[in-house]
Amino acid sequence: MKPRQKRMTIILGGLAGLGIVIALVLNAFQGNLVFFFSPSQIAANEAPEGRSFRLGGLVEEGSLRREDDGLTVHFYVTDTAQRVPVTYTGILPDLFTEGQGVVAQGKLDGSGHFTASEVLAKHDETYMAPEVAEALELAKGEMPASSSLVQ
Amino acid sequence: MLQVSGLFCERGDRQLLNGLSFTLKPGQLLHVRGANGAGKTSLLRIIAGLLLPTAGDVLWQGKPTQQQREDYHGDLLYLGHLDGVKGDLSCIENLRIDNELLGAEISEASMMAALEKLGLSGFEEVFAKQLSQGQHRRVGLCRLLMSQAKLWVLDEPFNALDVKAVGLLAGLIEVHLERGGMALLTTHQDVPLSTERVSEITLGQV
Amino acid sequence: MLQVSGLFCERGDRQLLNGLSFTLKPGQLLHVRGANGAGKTSLLRIIAGLLLPTAGDVLWQGKPTQQQREDYHGDLLYLGHLDGVKGDLSCIENLRIDNELLGAEISEASMMAALEKLGLSGFEEVFAKQLSQGQHRRVGLCRLLMSQAKLWVLDEPFNALDVKAVGLLAGLIEVHLERGGMALLTTHQDVPLSTERVSEITLGQV
Amino acid sequence: MNINWFKYASPASFYPLAGKMIPWFAVPAVILAVIGLIMGLFILPPDFKQGESYRIIFIHVPAAWMSMVIYLAMAFWAIIGMVWNSRLSSMMATALAPTGAIFCFLALWTGALWGKPTWGTYWVWDARLTTQLILLFMYFGYMALHAAIEDPRRAARASGLLAVVGAFNVPIIYFSVQWWNTLHQGASITPTKSEMAASMASVMLIMAIAAWLYSIAVTLKRVRCEILDRERHAAWVAELSTEAK
Amino acid sequence: MLAIFHTILARELTLGLRRKADVLMTLFFCVIVASMFPLAVGPEPALLKTMGAGIIWVAALLASLLSLERLFSADYIDGTLEQMIISRHPLALIVFAKVVAHWLTTGLPLVLISPLLALQYGLEVQDGLVLVATLLIGTPILSLLGAVGAALTLGLRGGGVLISLLVLPLFVPVLIFGAAAVDDAAAGLVIEGHFSLLGAMLVSALILTPWAVASALRISIE
Amino acid sequence: MLAIFHTILARELTLGLRRKADVLMTLFFCVIVASMFPLAVGPEPALLKTMGAGIIWVAALLASLLSLERLFSADYIDGTLEQMIISRHPLALIVFAKVVAHWLTTGLPLVLISPLLALQYGLEVQDGLVLVATLLIGTPILSLLGAVGAALTLGLRGGGVLISLLVLPLFVPVLIFGAAAVDDAAAGLVIEGHFSLLGAMLVSALILTPWAVASALRISIE
Ligand code: HEM
Ligand SMILES: Nc1ncnc2c1ncn2[C@@H]1O[C@H](COP(=O)(O)OP(=O)(O)OP(=O)(O)O)[C@@H](O)[C@H]1O
Ligand SMILES: Nc1ncnc2c1ncn2[C@@H]1O[C@H](COP(=O)(O)OP(=O)(O)OP(=O)(O)O)[C@@H](O)[C@H]1O
Ligand SMILES: [Mg+2]
Ligand SMILES: [Mg+2]
């Protein structure tokens, strides 16, 4: 091969490779590479069965119930479309409140009940002063930007 | 034609080459002299493209070697302090690989002939690591018989060779020069080469 | 006194030594000759205790060396194809360790003097791997200045040395012999040693 | 116009220039950092959800940003150094690494500290956190490789190559929160939107600018040491040291 | 072009397979590492099943890590590497042949033995196949990336550990996606995404690393 | 006698610790290996806690394994090993100094970092201390036994993997008792027995291996 031909082959090969890489990467993001599953995904049977996984969403307003031992809690995790009942025994993070985002690690039993072994609070990207938040809440009548987690 | 112009080289705080320039024409041999540590090996490695000079150029057929690496290396044969012989391969296997790396494309029979010429007949199938130091070096020297390279760069090729092998090697170099080849050489021994073709440079004392 | 009696050595199907016997007395040097692959290195390694002979004995002061390993090694200085110099240590650090291994117990100043004598002043703190081939070898040769050993076993000690260093080394060997030391030596070069003390053996061609 | 650039690309002329530039970056860096910290820690109101703990943001975010930017800058200078064989740019790459590693460590450390009160754990293996940890390891790898090679020129070239190979990780870190749904929050501030109260965002920007200026000042300082070290035999360095005496 | 690739490949394979024991060795290493975990962690089947894919992947990774140091160092010490660098053929091609040989002698045997290891940890047959597939795509990436680290650390002190330091961060994504694919397959999830990503990594490594290794070798030889 | 021990020890430490970066390298290696498992196996805290001691032990074992190849091979290639063998001092003593240095540069840093790793895996403080103690007794055994393997495989092709093959079976008992002690401590059982066994292994290794290594080296050098 002449040097020019060789260079062309290399460039073409490189471009073809690049094309394949881009196609594969794009294809990958069609799939599900997730840190947690949403209630809707669970409803659609996309979450694993009989195996520990993470459930993510918002703590449904008014669903939080504490047992007498002070450690065990029951609540629903929702993404506004679907909801999953969750039980957890242990210390909750400080930011855990109704309406707040959570990510819970645990297992789903046959009846669709989620038993968590660890509960983490997920914070969204909103930051503002309390007074501003109150003002906003008054104006809109709801928690500010609480839907940003659900997307 | 090999041209070296304005070569500077600095290694570990020491200035070895200070604007060295010379030209090597077909049929010429340059004997690089100098005490231990003068920078002979460094110079030869720069010319072979194994070391970057601090400044300066090496031109082959008028073009910087950096810009025509593969063409230049096709014309080059370098033999350094290390033989470049694989201990875990037999002599003939070593030659087969050299044949390919040099792009020499000679036949199996010629390889056997090369080994024989260097006194290694009977050792074709012996692992190189089971050879004596001098025999090991001879396997590396077989390249001189195989390659078509125009420029030979030989760093102390006579090391570890016995008297007979030294004579043989000197003969090979003379034939190469007669054919219009070029050679660069370092050695601390006196070598029986016809002096008309040989020019010398001496690198500065440390 | 070193006595070698009935030494046989076979390596890789080849019979190298065939009942070799000789005696080396104080003040004598034995130049072991032979073509590449004749078995010189093998012989020297057997004598140094690094290789087991197929048969035969090496006696030191009348006693087999195997039975008095530490005493014998205290009297021995061996320098092989490999320098035994650590590339990742500086020259002076290398010497300190040799000092201990040889049991020489010389002072720091004497070590500096040894380096200087071998033309390495200025390189005391340089890592050995940053030295040229000849300088590297010279660091190994410093042992000759440090050690009190009676028997020197030197395998091609002139390799890679420049003319000046060759002269220096030859001088060292002469002094050693004058003091009543013994030496075994291989080399393919001609060496400027006063011939009266030198005897030769030539190992058979392969 | 184009003469100056080449002049200053030589270590000998860059050395004094860098010396003159350092105060121009260092002083504003200190002033901005003090302003930013006072504003951030004492004057700004708490966050409506996180309360006081959110104030870590003023260190965490600039540190995280800088750790990524500096790695990219390292790779950039390494490429320039390789292509144009320019000594100064490979010295720049070398000089950047420790600062980057420190910021990377700071981002991890403050992030972990912040994670406990907000998430309820110091550490999870989500994409953002994992990739950031890898970035720290790559900084370590870069510095270890550089330190392991004695010859400064070879060290610069080898570690430069490593920096380029590793640069692929940076976009992955940045976009990890978009590509995977992580526990770590998404971007609060992007070129197009801001989900952060303007006062908080501006203090964060002040801190970010302070971090930039600090990085530049420190890097210039390191580059000066590097130049001295590598050019210690050059005539101009010798002159410099005799002048000092 | 092809002749040199073929020659170098043959050379490496000859060196690697000269003795039969050498081929089996990586296998043994992997098997031993994989068998060590049940010893260290305890023999609970459910636990082992969960950990299985992860551990086999880590064992594969370490086996390929261990063999990296040898990739160039022997050639460096005896000067054959010099000869390759100044040969008339593109260094990237020679390097590529060496890496392919490295994979054939360390990665491939590992892929072949993995079903057995999967059985040992009680993975389902199906998940075992997924494991084999991830290893088949993943181990070449390890060899390619590892070669960069091996080339950069050539001739340096502390080579083995330094390589690990440089290379492990680059290995991590491969490990994550490889192990996660098996886990997700076991959980009945779609795993196309993982494979696409592994494929993308493989293709980009194939394109880029030979050049990177070639430059690294030129730097290291000085 | 003591002078030569001291000199060789100092030599090895100089070689190992020439620069600050080198000391930290084993530490980084362990941290990286230990961090890889959560990535491969999944991040569940309970699982990680169970595996913690095992993984840290395996990381320790690998760190010492990786560095074994270097123990004699560099000295072999440059001829300094020859000089040690024919020195006037007992080879076993020289070897012992080398092994002690090996432990000081690979084993000890690991013992020191292990509490941190234990924390990372969520082990209780008490169990972490037991872990440190087992490592303190166990890692010297690894260095001693490993030296035998390294000496035997000197100069052979495929050294790295071959060492592992020879040495890992010897390491297994150490690993089992080391990891089991931590697990049993976590379970509230008596662990004196494990410690006695580890101690016995250490003492016998201390007595026997230096001689074994010395003979192996004499054979390998031929
Ligand atoms: C060890 C744990 C953590 C690590 C390694 C980490 C890492 C990073 C990195 C690399 C960035 C820069 C990328 C970007 O700008 O998008 C970042 C940004 C940020 N992080 Fe973290 N983080 C950690 C914990 C946290 C926690 C606990 C919070 C608060 C809940 C937090 C809040 C933020 C915020 C607000 C930003 C700025 C996002 C933006 O506006 O772009 N991080 N973090
Ligand atoms: N490790 C080995 N295994 C098998 N055979 C060997 C080994 N080392 C050397 N030999 C054989 O022994 C013979 C003599 O080797 P030796 O090194 O003693 O020669 P020498 O006389 O020193 O040669 P030189 O002048 O080349 O140094 C050679 O033919 C060689 O093939
Ligand atoms: N890798 C290196 N790093 C730093 N300095 C080096 C390196 N290699 C060689 N040098 C230095 O360069 C100088 C010249 O070395 P070189 O090998 O070119 O000498 P030489 O003339 O070939 O000597 P010899 O006759 O001993 O082979 C020496 O002083 C040496 O200290
Ligand atoms: Mg030389
Ligand atoms: Mg010999």
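Each chain gets a letter, A, B and so on, in the order its sequence line appears, and its residues count up from 1.
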> Decide if atom CD of A/Glu67 counts as having more than 12 heavy atoms of other residues, nucleotides or ligands within a radius under 6.0 Å.
yes
> For A/Ile91, is the CD1 atom crowded, meaning more than 12 foreign heavy atoms sit under 6.0 Å from it?
no
> Working to the nearest 0.5 Å, report the span between CD1 of E/Ile207 and CG of A/Leu18.
6.5 Å
> Just wondering, more than 12 heavy atoms not from A/His74 lying within 6.0 Å of its NE2?
yes
> Output the distance between atom OG (E/Ser196) and atom CD1 (A/Ile20), rounded to the nearest 0.5 Å.
12.5 Å
> Hey, are the side chains of A/Ile10 and E/Trp211 touching, using non-hydrogen atoms and a 4.5 Å cut-off?
yes
